[in-house]
Amino acid sequence: MKSKFSDIRNDYKRHALTRDHLEPLPLLQLRKWLDEAMETGQTEPTAMSLASVDVTGQPSQRVVLMKGITDRGITFFTNYLSRKGAHFQENPRASAVFFWPSQERQVRLEGLVEKLPAHESDEYFNSRPRESQIGAWASPQSERVTSREMLENLFEELILKFKNKKVPRPPHWGGYLLVPHRVEFWQGRPNRMHDRFEYLLNSNNDWDISRLAP
């Protein structure tokens with residue numbers, strides 16, 4: 001049965017991607033594409049869909065903001081007691097996807113997740129707006145709550161508690177590093193003949209680069 005969604009499509013013509021366009025390391029290529037997404041005014045260029053897996057094998061996704069690129073991986077921050085935090089405790093594997101419609105580009109990362117050192121989480125937490133710092137204390141992320149009013153009342157109580165004080169980082173809140181072993185760069189092309197390149201980490205800890213069929 002045809003639906004109102006079936007004819008929604010775009011023919012991508014903005015860019016091409018060839019092997020000689022690629023940086024030797026995937027995180028360098030990711031940084032390059034992120035910079036270009038920011039330069040073109042892409043809305044939320046650091047937003048990524050992050051997938052975790054529970055003990056039964058059930059995947060779960062949500063959109064989070066990537067907050068940094070290191071020489072090992074990408075960083076993001078969250079409540080360690082949230083649903084994804086529980087998943088990472090049980091199964092420290094994840095995948096992430098960036099999509100930039102203005103550039104007709106997608107990047108996929110797959111790898112292992114590890115907690116950032118406490119001092120790095122402290123450094124980022126201290127850079128956040130004060131209201132966001134208090135929000136990290138006020139929200140029992142992923143837990144069932146009785147009402148919005150309850151959350152707002154708790155937020156107001158914490159504003160008073162921390163009045164004229166530095167807001168410390170909650171012990172249940174901090175950063176993760178996603179260390180990829182596979183990264184794919186996708187560039188939309190006409191007629192669905194897209195350009196796809198895969199970086200795959202080999203046994204020597206070097207990256208093999210291959211073109212994939214669209």
Side-chain angles (χ1 to χ4, degrees), residues 1-54 57-76 78 84 87-88 91-113 176-214:
M1 182 186 303
K2 185 174 182 179
S3 76
K4 63 181 179 180
F5 308 113
S6 61
D7 288 332
I8 298 176
R9 62 177 57 85
N10 289 306
D11 200 22
Y12 301 123
K13 301 177 179 178
R14 191 175 298 274
H15 300 289
L17 184 63
T18 62
R19 177 65 178 80
D20 59 354
H21 286 161
L22 295 172
E23 297 289 340
L25 302 176
L27 295 173
L28 293 179
Q29 182 66 31
L30 175 59
R31 185 184 295 275
K32 178 180 178 180
W33 272 17
L34 273 165
D35 288 343
E36 291 177 6
M38 294 173 66
E39 290 167 3
T40 59
Q42 171 70 46
T43 301
E44 297 285 17
T46 63
M48 61 183 186
S49 177
L50 179 71
S52 59
V53 181
D54 69 15
Q58 174 62 52
S60 177
Q61 290 179 288
R62 74 287 294 160
V63 175
V64 302
L65 298 181
M66 187 275 296
K67 289 299 180 180
I69 303 178
T70 74
D71 59 352
R72 295 184 61 227
I74 58 175
T75 62
F76 58 95
T78 190
K84 58 182 169 298
H87 290 179
F88 295 146
N91 185 1
R93 294 175 175 83
S95 66
V97 178
F98 295 90
F99 179 55
W100 302 297
S102 66
Q103 296 295 94
E104 301 172 348
R105 289 172 174 170
Q106 174 181 260
V107 180
R108 300 166 58 193
L109 303 95
E110 299 171 5
L112 299 178
V113 173
Y176 287 101
L177 177 71
L178 172 56
V179 183
H181 54 251
R182 180 183 182 275
V183 185
E184 180 191 317
F185 294 85
W186 178 98
Q187 176 67 64
R189 296 297 305 278
N191 306 313
R192 294 301 186 263
M193 295 294 288
H194 311 304
D195 289 323
R196 294 174 63 191
F197 283 92
E198 174 192 67
Y199 290 74
L200 194 62
L201 195 63
N202 63 33
S203 58
N204 296 319
N205 282 325
D206 295 321
W207 292 97
D208 297 325
I209 304 176
S210 303
R211 178 183 278 272
L212 304 179

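Side chains included, hydrogens not; waters and symmetry mates left out as well; all remaining heavy atoms used.
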Original post:
Among all residues two or more places apart in sequence or in another chain, which pass the side chain to side chain donor-acceptor pair (under 3.5 Å) test with H87?
Top reply: S52

Original post:
Would you say the side chain of T78 lies within less than 4.5 Å of the side chain of V64, judging by non-hydrogen atoms?
Top reply: no

Subject >> For T18, all residues meeting side-chain contact (heavy atoms from CB on, under 4.5 Å), sequence neighbours excluded >> reply: D20, H21

Original post:
Taking only residues two or more places apart in sequence or in another chain, which ones pass ring pair (Phe, Tyr, Trp, His ring centres under 6.0 Å) with W186?
Top reply: Y12, H194

Show me the side-chain donor-acceptor pairs of residues 38-45 shorter than 3.5 Å, one per line, residues at least two apart or across chains.
| residue | atom | partner | partner atom | Å |
| --- | --- | --- | --- | --- |
| T40 | OG1 | E36 | O | 3.2 |
| T40 | OG1 | A37 | O | 3.0 |
| Q42 | OE1 | S102 | N | 3.2 |
| Q42 | OE1 | S102 | OG | 2.8 |

Subject >> For H181, all residues meeting side chain to side chain donor-acceptor pair (under 3.5 Å), sequence neighbours excluded >> reply: none

Subject >> Qualifying residues under ring pair (Phe, Tyr, Trp, His ring centres under 6.0 Å), relative to F76, sequence neighbours excluded >> reply: Y176

Subject >> Contacts of type ring pair (Phe, Tyr, Trp, His ring centres under 6.0 Å), residue Y199, not counting sequence neighbours >> reply: F185

Subject >> Test side-chain contact (heavy atoms from CB on, under 4.5 Å) applied to P190 - qualifying residues, sequence neighbours left out >> reply: D11, K13

**OP:** For R31, check salt bridge (charged side-chain N to carboxylate O under 4.0 Å, His left out) against everything at least two apart and list the hits.
**Re:** none

Subject >> side chain to side chain donor-acceptor pair (under 3.5 Å) against D35, all qualifying residues, sequence neighbours excluded >> reply: none

Original post:
Please, which pairs that meet salt bridge (charged side-chain N to carboxylate O under 4.0 Å, His left out) have at least one residue in residues 198-214, sequence neighbours excluded?
Top reply: R182-E198, D195-R211

**OP:** Applying side chain to side chain donor-acceptor pair (under 3.5 Å), name anything that partners Q29, two or more places apart in sequence or on another chain.
**Re:** none

